[in-house]
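Comments concern the structure below.
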There are 2 protein chains.
Amino acid sequence: MAIRTKRRTAGRFSGESIIIEAAWLYHHDGLNQNEIAKQLQVSRATVVNYLQEAKERGYIRISLSPEIFNNHKLAQELRQKFNLQAAFVLPHGIGSDEEALMRVARGAAKWLPSLLKRGDRLGVAWGRTIYEVAEALEKIDIEGVTVSQLVGSMATPYGFTAEICSAHMAQNLGAKCINLHAPAVLSNPDLAAHLRNEPIIHAQLEALSHCNKAIFAAGSCEPDSHIVSCGLASIDDLEWYIKQGAKGVLCGRFIDEQGKPIIGNLDKRIIGVTLDRLQGLDIGLLVSQGVEKVTPMLAAIAGGYVTHIVTSDKTAQLMLDANN
Amino acid sequence: MAIRTKRRTAGRFSGESIIIEAAWLYHHDGLNQNEIAKQLQVSRATVVNYLQEAKERGYIRISLSPEIFNNHKLAQELRQKFNLQAAFVLPHGIGSDEEALMRVARGAAKWLPSLLKRGDRLGVAWGRTIYEVAEALEKIDIEGVTVSQLVGSMATPYGFTAEICSAHMAQNLGAKCINLHAPAVLSNPDLAAHLRNEPIIHAQLEALSHCNKAIFAAGSCEPDSHIVSCGLASIDDLEWYIKQGAKGVLCGRFIDEQGKPIIGNLDKRIIGVTLDRLQGLDIGLLVSQGVEKVTPMLAAIAGGYVTHIVTSDKTAQLMLDANN
DNA sequence: ACTATATGCTGACAATTGTCAAAAAATATG
DNA sequence: CATATTTTTTGACAATTGTCAGCATATAGT
């Protein structure tokens with residue numbers, strides 16, 4: 001009785017499994033299934049079976065270029081875990097945190113225009129990151145966009161102010177710019193209250209409270225935090241807020257783990273948007289990067305201020321690893 | 001005038017190039033082009049374009065499992081470089097040369113049946129490798145196959161002889177076996193000549209000269225070569241042939257670099273096939289493996305005796321690297 | 001501002017690939 | 001040695017994917 005191999009062997013060219021031969025001809029030599037069927041003397045349907053088996057056996061690996069797609073994967077995971085509309089994860093790269101920040105800022109700048117459409121009113125916060133986004137923006141022109149400065153101005157040792165952030169952004173977006181002609185923080189609550197009632201300031205605050213989109217960064221509550229080094233808060237202020245459970249800073253306001261604003265002495269002296277105005281926007285774009293920003297970012301997300309996010313892969317991974 | 005990015009940006013989910021998003025959805029999430037088109041708000045034709053660009057840009061890598069396909073690739077290269085009908089390259093593996101020889105022999109045994117069809121007359125040479133092939137053959141039954149012993153018998157220290165090689169092979173193939181009832185080498189040319197004219201031997205030699213397929217190994221010309229250790233040739237014989245340019249041994253005959261037989265004292269005393277009979281066969285299956293076999297194998301191929309080859313990846317690579 | 005050129009997008013059609021039930025072949029079983 | 005069971009192959013059809021000419025939009029040049 002003739003005993004033969006069940007499955008046909010290729011024989012013709014390679015002696016190896018006909019499955020490997022089919023996979024080779026298809027993926028390496030680029031033949032189509034008909035040509036392969038003819039060459040291997042089987043039906044085309046059989047070639048389909050062989051190719052599927054080659055896939056199942058793992059002979060063929062379709063890998064998505066990791067450095068490109070890993071970040072995309074992280075973005076999807078961020079999107080899912082935090083219920084965001086969209087996320088953009090950039091490679092941290094091998095360089096310093098400084099370089100990563102620049103890359104994230106450039107990424108946000110590249111993305112921002114496609115998130116805006118005519119008639120939008122964009123609120124712009126202030127900080128190093130936002131400044132770099134504004135600088136990195138290529139000059140484009142979307143009709144009828146208005147940019148609003150979300151917090152008052154501040155003299156900084158860095159040479160950039162809230163005014164410059166929003167002005168540059170408006171300039172590069174070809175947008176109208178509404179600045180907030182007031183200091184970010186005053187020494188005295190009463191003065192702040194009076195200033196808020198000044199007609200010009202009142203109008204500006206009114207305008208920014210009608211923004212439908214906003215771009216901001218998360219600030220950390222660590223002692224070397226920006227909010228202290230720029231002079232907005234004193235070390236004592238910071239310690240007080242931390243004692244109250246502050247986990248981050250958003251537009252000059254301290255927030256707790258759930259993203260709820262912590263109202264304290266400082267808040268009464270600040271001229272700027274209140275956080276309730278930043279909830280439920282069409283787009284709340286959080287641009288931040290770095291280990292120390294993870295907790296603040298999570299808090300901001302928990303508070304419902306964020307619909308879109310731009311960050312680095314490293315930061316994204318830390319956010320995903322955080323067990324909450 | 002509104003200046004926008006030329007290509008639509010995905011915006012919706014990832015901010016990254018829409019091309020990456022399309023590639024991701026297609027290859028990772030397994031969506032089809034219609035679903036992707038709907039999701040990205042473009043036509044399906046555009047999705048096709050995106051996917052093609054992703055391929056061109058190298059975002060998607062389809063790699064063929066190297067451990068599987070490398071040998072297939074080597075086989076193809078052998079086939080091409082040496083103008084062979086087919087090649088079968090087996091992994092040398094991490095073990096000893098002994099193990100590799102066994103693997104190659106088993107590979108040849110697995111392949112051989114698919115190379116035979118009814119009515120074939122298969123010439124079988126002799127040697128360690130061929131013996132292992134005969135042993136490894138699974139018992140099958142191809143009608144009307146005849147196996148011929150290509151060279152006379154020889155007492156060997158290994159306990160296998162040309163007779164056993166061909167007999168086992170015939171047995172496992174369910175084939176008729178024509179043995180050569182004579183010693184492989186005689187001490188005296190005249191005696192050999194007389195023996196060749198003996199009717200029974202003459203008939204057997206006549207039979208084997210009508211083989212249409214043959215299986216053989218290549219022997220090396222090194223001092224520890226099998227042809228010496230088995231007693232077919234003396235060291236003096238070997239040295240004489242090497243001086244004449246011998247590069248290998250095929251069926252007991254010395255060949256030069258071009259595969260041409262070198263006729264010497266020994267040839268007149270041998271009972272066995274002459275090499276001219278091994279040229280132009282339907283199939284000449286060379287089964288050999290090992291560094292020291294590279295030169296003999298190349299010589300055998302140059303002589304036109306080989307249409308099919310079974311070897312190890314290591315050996316195949318050396319053959320391909322040889323600059324001729 | 002207007003036209004020229006390039007680039008990207010689309011719809012309609014062509015080609016390729018996937019599915020599935022049934023036939024054929026191989027193997028197991030009574 | 002006939003029959004049952006499993007595996008492999010196949011043909012016909014369905015779904016998916018690829019192509020290409022023409023259209024729309026963007027950029028460049030004057």
Side-chain angles (χ1 to χ4, degrees), chain A residues 1-12 16-57 59-60 62 110 113-114 116-118 138-143 173-174, chain B residues 1-12 16-57 59-60 62 110 113-114 117-118 138-143 174:
Chain A
M1 192 34 164
I3 301 171
R4 282 182 159 281
T5 52
K6 249 192 297 193
R7 187 159 246 159
R8 294 187 190 175
T9 54
R12 195 153 178 72
E16 290 183 60
S17 158
I18 196 166
I19 291 179
I20 293 175
E21 183 134 9
W24 179 267
L25 292 171
Y26 191 73
H27 293 283
H28 182 268
D29 294 343
L31 304 191
N32 66 32
Q33 298 180 350
N34 263 316
E35 297 172 302
I36 296 170
K38 211 164 61 184
Q39 187 154 355
L40 298 183
Q41 309 262 36
V42 295
S43 74
R44 196 187 56 74
T46 300
V47 174
V48 175
N49 292 337
Y50 289 168
L51 292 176
Q52 281 177 342
E53 188 158 351
K55 240 182 236 166
E56 281 161 19
R57 291 199 202 170
Y59 293 170
I60 304 154
I62 48 169
K110 202 176 132 205
S114 71
L116 298 176
K117 57 185 182 200
R118 50 175 304 168
E138 284 183 40
K139 198 159 170 42
I140 61 166
D141 197 339
I142 303 161
E143 284 182 72
L173 290 171
Chain B
M1 191 35 165
I3 300 170
R4 284 184 158 278
T5 52
K6 249 191 297 195
R7 185 160 247 157
R8 292 187 190 177
T9 53
R12 197 155 175 69
E16 293 183 56
S17 159
I18 196 168
I19 292 177
I20 293 177
E21 183 132 9
W24 179 266
L25 291 171
Y26 191 74
H27 293 283
H28 182 267
D29 293 344
L31 304 191
N32 66 34
Q33 298 180 349
N34 263 315
E35 297 172 300
I36 296 169
K38 210 163 62 186
Q39 187 154 351
L40 299 183
Q41 308 264 38
V42 295
S43 73
R44 197 189 55 73
T46 300
V47 174
V48 175
N49 292 336
Y50 289 168
L51 293 175
Q52 282 176 342
E53 188 158 350
K55 241 182 236 163
E56 282 160 18
R57 290 201 204 167
Y59 293 169
I60 306 154
I62 48 170
K110 199 177 132 206
S114 70
K117 56 185 183 197
R118 51 174 304 167
E138 282 183 43
K139 200 160 168 39
I140 61 163
D141 199 337
I142 304 163
E143 283 181 75

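This structure is a prediction, so every number in the text was calculated from the model and none was measured.
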The test is side chain to side chain contact (heavy atoms under 4.5 Å, CB included); show your working for A:L25 and A:V47 and say whether it passes.
CA-CA 11 Å; A:L25 292 171; A:V47 174; over 6 Å; no
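- Rounded to an integer number of Å, the gap from CD1 of B:I36 to C1' of D:dA15 is 15 Å.
- A donor-acceptor pair under 3.5 Å is formed between the side chain of B:E35 and the backbone N or O of B:N32.
- We find that CD1 of A:I19 is positioned 13 Å from C1' of D:dT9, with the value rounded to whole Å.
- A sub-4.0 Å separation between OP1 or OP2 of D:dT9 and a side-chain N or O of A:Y50 is present.
- Between B:T46 and C:dT10 there is a side-chain N or O to OP1 or OP2 distance below 4.0 Å.
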With side chain to side chain contact (heavy atoms under 4.5 Å, CB included) as the test, would you mind laying out the steps for A:Y59 and A:I19 before giving the verdict?
CA-CA 9 Å; A:Y59 293 170; A:I19 291 179; 4.0 Å; yes
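- The two residues A:L40 and A:A22 make their nearest non-hydrogen contact at CD1-CB, 3.9 Å.
- In terms of phosphate contacts, B:Y26 brings a side-chain nitrogen or oxygen within less than 4.0 Å of OP1 or OP2 of D:dT17.
- Here the C1' atom of nucleotide D:dA14 and the CG atom of B:N32 are 13 Å apart, to the nearest Å.
- Heavy atoms only, all atoms of each residue included: A:I62 and B:H27 are closest at CD1-ND1, 3.9 Å.
- Under 4.0 angstrom from either OP1 or OP2 of C:dT19 there lies at least one side-chain N or O belonging to A:Q52.
- As rounded to whole Å, 14 Å separates atom C1' of D:dT16 from atom NE2 of B:H27.
- In this structure, the nucleotide among C:dT10, D:dT10, C:dG18 sitting nearest to the side chain of A:A45 is D:dT10.
- Rounded to whole Å, atom P of D:dT17 lies 9 Å from atom CG of B:L51.
- Residue B:Q33 places no side-chain N or O under 4.0 Å from the OP1 or OP2 atom of D:dA15.
- Rounded to a whole Å, the CZ atom of A:R44 is 12 Å from the C1' atom of D:dT16.
- Summarising the geometry, the separation between CG on B:L40 and C1' on C:dG8 is reported as 15 Å, rounded to the nearest angstrom.
- Put simply, NZ on A:K38 is 16 Å from P on D:dT10, counting in whole angstrom units.
- Considering only the side chain of B:S43, C:dC9 comes nearest among D:dT9, C:dC9, D:dA12.
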